[in-house]
Undergrad: 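Below you'll find the structure I mean.
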Amino acid sequence: MLKIYNTLTRKKEVFKPRVEGKVGLYVCGMTVYDYCHIGHARVMVIFDTVARYFRYSGYDLTYVRNVTDIDDKIIQRANENGEDFLALTERFIDAMHEDERALSVLPPDIEPKATQSMDNIISMIEVLITKSLAYVGTNGDVFYSVSKFDGYGKLSGKKLEDLQAGERVDVDKAKKDPMDFVLWKMAKPDEPSWNSPWGQGRPGWHIECSAMSTCCLGNHFDIHGGGMDLQFPHHENEIAQSEGATGETFVNLWMHNGFVRIDEEKMSKSLGNFFTVREVLKKYRPEVIRFFVLSSQYRSPLNYSDEQLGDAGVALTRLYTALRGVEIPSVSCDIDYKLRFKEAMDDDFNTPIAFSVLFDLARELNSIKSDKEKAGQLAATLKELASTLGLLQEDPEVFLKGGEASDGLSEDDINQKIQNRVEAKNNKDWVKADEIRDQLKEKGIVLEDIAGGSTSWRREKA
RNA sequence: GGCUGCGUAGCAAAAUGGUUAUGCAGUGGCCUGCAAAGCCAUCUACACCAGUUCGAUUCUGGUCGCAGCCUCCA
């Protein structure tokens with residue numbers, strides 16, 4: 001029985017799809033004017049894991065994640081670069097896809113772009129104006145009249161009268177009410193623009209998600225996700241727009257993931273304290289980053305540090321070491337471990353507990369490795385369960401020998417040295433044998449003698 | 001100021017009204033020529049103060065501390 005924490009009710013709820021066996025999931029994706037940072041990676045990995053688990057649990061899932069490819073920052077960056085905004089966004093969409101593939105994030109089923117959804121956006125605004133929920137301001141921009149929407153604040157728990165609009169930013173004088181937000185923004189000369197009943201312009205940020213989500217999944221769908229910071233105003237505004245326009249409930253369940261932090265502070269572009277995925281990929285292997293992201297529950301904060309990434313590498317090495325040398329038959333999962341794993345994931349995607357099941361499994365696997373049949377079944381179980389987390393899909397030897405190959409040694413070099421050491425060992429020349437082992441160790445290559453005389457090796461730095 | 005959420009051992013991170021989380025690190029043992037890996041055992045906890053209870057880290061109230069949102073942000 002899958003339970004998910006719903007931001008709307010601030011409780012874990014038993015998940016009940018609108019249509020038996022089917023799930024519609026929409027996640028707010030990236031604004032593509034720069035490379036993805038680790039905070040973005042967390043969203044991608046978390047919802048990828050959610051998607052994988054829904055499918056593993058037998059649901060027919062439609063996973064939609066949008067791309068915001070037009071907004072003020074994109075225009076600004078394109079101007080700074082002297083680049084067409086489409087060229088800019090195309091570059092960063094490609095980069096984003098590259099980062100995703102590195103992190104074993106499977107592509108969403110639908111990836112709508114704001115610039116390709118103009119008709120839907122415009123018709124939704126028209127409906128809102130018809131219903132008097134929106135108006136054209138004194139500067140020609142179209143605004144949503146927040147006070148006309150009854151449920152405003154139900155997601156973020158805010159009351160209109162408590163909000164301090166204009167406290168931190170100047171209030172736009174074109175609005176009737178400081179809390180009103182823009183739906184359609186008139187273009188300045190030379191800005192990218194689309195034709196609309198209100199003139200050449202572009203959509204406000206919030207309306208695109210209302211248009212794209214309802215367009216792809218229907219007026220009323222199961223789950224909407226995104227980062228914590230989108231709760232207000234973005235998702236609150238989406239509710240106002242969608243429910244205002246359609247008159248139907250917009251979303252049953254809202255999922256929000258916690259932030260990645262640096263030194264106990266939110267990682268964000270505006271604070272400038274971020275690491276891009278590609279920077280981090282230079283230091284750590286992709287699977288280590290994925291493991292790190294899933295090592296805390298998705299709603300908890302995740303502190304980024306080299307120590308933690310290092311730990312993640314060691315932990316992952318332990319799991320791969322358990323799989324090493326075990327032939328994996330095509331047998332069904334060990335039912336006890338599978339049940340424990342599912343129980344963990346069913347409890348609001350509790351990946352830390354799911355990990356603990358994998359480690360228990362690895363321990364038992366290590367202790368019964370001589371029993372080939374049992375070991376094979378446990379290894380098969382470990383691989384199957386880990387696959388729903390997008391982990392442990394590499395060949396163990398490839399993973400363990402991969403690592404950082406800055407040692408300048410080829411596999412042949414290493415094997416030659418191991419051979420020399422085997423000869424020394426056979427001659428009981430322990431000094432020479434240890435010398436060879438120490439030399440390799442200095443280069444980050446760890447030797448492991450296996451009972452029976454052979455020696456395996458791995459690169460220390462995962 | 002308003003609204004969220006959090007405070008767990010050396011580090012990271014979960015669950016739980018009474019019983020082993022888990023990973024890394026430490027200690028002791030087994031294995032090994034010695035190691036490494038692995039296995040077994042083991043030491044470090046639940047911010048503080050009240051209350052409820054036979055019993056609270058877990059529930060309630062308060063205090064202190066931290067983070068986030070109330071501008072753009074995953």
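These values consider heavy atoms only, across backbone and side chains, with no hydrogens, waters or symmetry-generated copies. Naming: A, B, ... by sequence-line order, numbering from 1 per chain.
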Undergrad: Working to the nearest 0.5 Å, report the span between CG of A:L25 and CG of A:D109.
TA: 9.5 Å

Undergrad: Between B:U60 and B:C66, how far apart are the two P atoms, rounded to whole Å?
TA: 24 Å

Undergrad: Please determine if A:K158 forms a cation-pi arrangement with A:F232, meaning its NZ or CZ atom is less than 6.0 Å from the six-membered ring centre and no more than 45° off the ring axis.
TA: yes

Undergrad: Please examine the side chains of A:E111 and A:M212, heavy atoms only from C-beta on, and report whether any two atoms are closer than 4.5 Å.
TA: no

Undergrad: Just to be sure I understand the rule, does A:G29 reach a base, reach only the sugar-phosphate, or reach nothing, if contact means heavy atoms closer than 4.0 Å?
TA: sugar-phosphate

Undergrad: At under 4.0 Å between heavy atoms, what does A:K428 touch on the DNA or RNA strands: base, sugar-phosphate, or nothing?
TA: nothing

Undergrad: Confirm from the modelled atom types if A:D434 and B:G33 form a donor-acceptor pair under 3.5 Å, side chain to base only.
TA: yes

Undergrad: In whole angstrom, give the distance that lies between atom NE2 of A:H235 and atom C1' of B:G68.
TA: 15 Å

Undergrad: May I ask you to say whether A:E13 pairs ionically with A:K3, meaning some side-chain N is under 4.0 Å from a carboxylate O?
TA: no

Undergrad: Under 4.0 Å, heavy atoms only, any strand: does A:V260 hit a base, just the sugar-phosphate, or nothing?
TA: base

Undergrad: Looking at A:R421 and A:D434, is any side-chain nitrogen of the basic one under 4.0 Å from a carboxylate oxygen of the acidic one?
TA: no

Undergrad: Judged by each residue's nearest nucleotide on RNA chain B, which is more toward the 5′ side, A:D449 or A:N257?
TA: A:D449

Undergrad: Ignoring backbone atoms, test whether A:N350 places a side-chain nitrogen or oxygen under 4.0 Å from the OP1 or OP2 oxygen of B:A14.
TA: no

Undergrad: Which is true for A:L447 with a 4.0 Å heavy-atom rule: it touches a base, it touches only sugar-phosphate, or it touches nothing?
TA: base

Undergrad: Base, sugar-phosphate or nothing for A:G39? Non-hydrogen atoms, less than 4.0 Å.
TA: base

Undergrad: Looking at B:A74, B:C72, B:G68, which one has an atom nearest to any side-chain atom of A:M30?
TA: B:A74

Undergrad: Can you tell me how far P of B:G38 sits from CG of A:L319, to the nearest Å?
TA: 10 Å

Undergrad: Aromatic rings A:Y35 and A:F92: how do their planes relate, parallel, tilted or perpendicular, breaks at 30° and 60°?
TA: perpendicular

Undergrad: Just to be sure I understand the rule, does A:S270 reach a base, reach only the sugar-phosphate, or reach nothing, if contact means heavy atoms closer than 4.0 Å?
TA: base

Undergrad: For nucleotides B:U71 and B:G62, find the distance between their P atoms and express it as a whole number of Å.
TA: 28 Å

Undergrad: Using the salt bridge (Lys or Arg N to Asp or Glu O under 4.0 Å) rule, take A:D438 and A:K443 through it: C-alpha gap first, then chi angles, then the decisive distance, then the call.
TA: CA-CA 9 Å; A:D438 292 345; A:K443 301 214 169 194; over 6 Å; no

Undergrad: If you pin A:K269 and A:G157 to their nearest nucleotides in RNA chain B, which one's is more 5'?
TA: A:G157

Undergrad: Over all strands shown, is A:H234 touching base, sugar-phosphate only, or nothing at heavy-atom distances under 4.0 angstrom?
TA: nothing

Undergrad: B:A14 phosphate, OP1 or OP2: any side-chain N/O from A:S300 under 4.0 angstrom?
TA: yes

Undergrad: Picking from B:G33, B:G68, B:A74, which would you name as closest to the side chain of A:R421?
TA: B:G33

Undergrad: Reckon A:R299 touches a base, only the sugar-phosphate, or nothing at all at heavy-atom distances under 4.0 Å?
TA: nothing

Undergrad: Check the distance between B:A12's P and A:R261's CZ and give it to me in whole angstrom.
TA: 11 Å

Undergrad: How far does the P atom of B:A47 sit from the matching atom of B:U53, given to the nearest Å?
TA: 23 Å

Undergrad: Of all the choices, B:A37, B:A13, B:G33, which nucleotide is nearest to the side chain of A:R437 once you look at every atom?
TA: B:G33

Undergrad: Are A:R299 and A:Y5 in a cation-pi setup, meaning NZ or CZ lies under 6.0 angstrom from the ring centre and within 45 degrees of the ring axis?
TA: yes

Undergrad: Starting at the 5' end of nucleotides 18-30 of chain B, put B wherever the base has a protein heavy atom under 4.0 Å, S where only the sugar-phosphate does, and a dash everywhere else.
TA: ---BSBS------

Undergrad: Using the P atoms only, state how far B:C59 lies from B:G7, rounded to an integer number of Å.
TA: 11 Å

Undergrad: Using atom CD of A:E397 as one end and atom P of B:A37 as the other, report the distance to the nearest whole Å.
TA: 16 Å

Undergrad: As a test of reading the structure: which of B:A37, B:A74, B:C39 is closest to the side chain of A:R458, going by heavy atoms?
TA: B:A37

Undergrad: If the cut-off is 4.0 Å, is A:K266 near the phosphate of B:C69, judged by side-chain N/O to OP1 or OP2?
TA: yes

Undergrad: In terms of the angle between their ring planes, are A:W254 and A:H256 parallel, tilted or perpendicular, with boundaries placed at 30° and 60°?
TA: parallel

Undergrad: With a non-hydrogen cut-off below 4.0 angstrom, is A:S295 in contact with a base, only sugar-phosphate, or nothing?
TA: sugar-phosphate

Undergrad: Determine whether A:R77 and A:F85 make a side-chain contact, defined as any pair of heavy atoms from C-beta on separated by less than 4.5 Å.
TA: no

Undergrad: To the nearest Å, how far apart are A:I445 CD1 and B:A35 C1'?
TA: 17 Å

Undergrad: Regarding A:E307, tell me which of base, sugar-phosphate or nothing describes its non-hydrogen contacts under 4.0 Å with the strands shown.
TA: sugar-phosphate

Undergrad: Rounding to the closest angstrom, what is the interatomic distance between B:U63 and B:C11 at atom P?
TA: 28 Å

Undergrad: The side chain of A:Q297 lies closest to which of these nucleotides: B:A37, B:A14, B:A74?
TA: B:A14

Undergrad: For A:M44, answer base if it contacts any base atom (sugar-phosphate contacts may also be present), sugar-phosphate if it contacts only those atoms, and nothing otherwise; contact means non-hydrogen atoms under 4.0 Å.
TA: nothing

Undergrad: Between A:E448 and A:R324, does at least one N-O distance fall below 4.0 Å, as a salt bridge requires?
TA: yes

Undergrad: Which atom names give the shortest non-hydrogen contact between A:T49 and A:T388, and what distance separates them?
TA: CG2-O, 3.8 Å

Undergrad: Looking at B:A12, I'd like to know if its phosphate oxygens (OP1 or OP2) sit under 4.0 Å from a side-chain N or O belonging to A:N303.
TA: no

Undergrad: In whole angstrom, what separates A:Q439's CD from B:A36's P?
TA: 19 Å

Undergrad: Just verifying a value: how many Å separate A:R340 CZ and A:L385 CG, rounded to the nearest 0.5 Å?
TA: 10.5 Å

Undergrad: Runs of at least three consecutive Watson-Crick or G-U pairs, both distances under 3.5 Å, are what I'm after; which ones involve RNA chain B?
TA: B:1-7 with B:64-70, B:10-12 with B:22-24, B:26-30 with B:38-42, B:47-51 with B:59-63

Undergrad: Roughly how many Å is it from CE in A:M255 to P in B:A74, rounded to a whole number?
TA: 18 Å

Undergrad: Is it the case that B:C70 (base atoms only) and A:K158 (side chain only) share a donor and an acceptor within less than 3.5 Å, ignoring hydrogens and angles?
TA: no

Undergrad: When the P atoms of B:A35 and B:A21 are considered, how many whole Å apart are they?
TA: 30 Å

Undergrad: For A:S456, which contact category applies under a 4.0 Å heavy-atom criterion: base, sugar-phosphate, or nothing?
TA: nothing

Undergrad: Quick check, does A:W430 stack with B:G33? I mean ring centres under 5.5 Å and planes off by under 30°.
TA: yes

Undergrad: Which value, in whole Å, describes the distance between the P atoms of nucleotides B:U4 and B:U16?
TA: 23 Å

Undergrad: Whole Å only: how far is the CZ atom of A:F349 from the P atom of B:A14?
TA: 16 Å

Undergrad: Between B:A9 and B:A14, how far apart are the C1' atoms? Round to whole Å, please.
TA: 14 Å

Undergrad: Salt bridge or not for A:R261 and A:E264, using N-O below 4.0 Å?
TA: yes

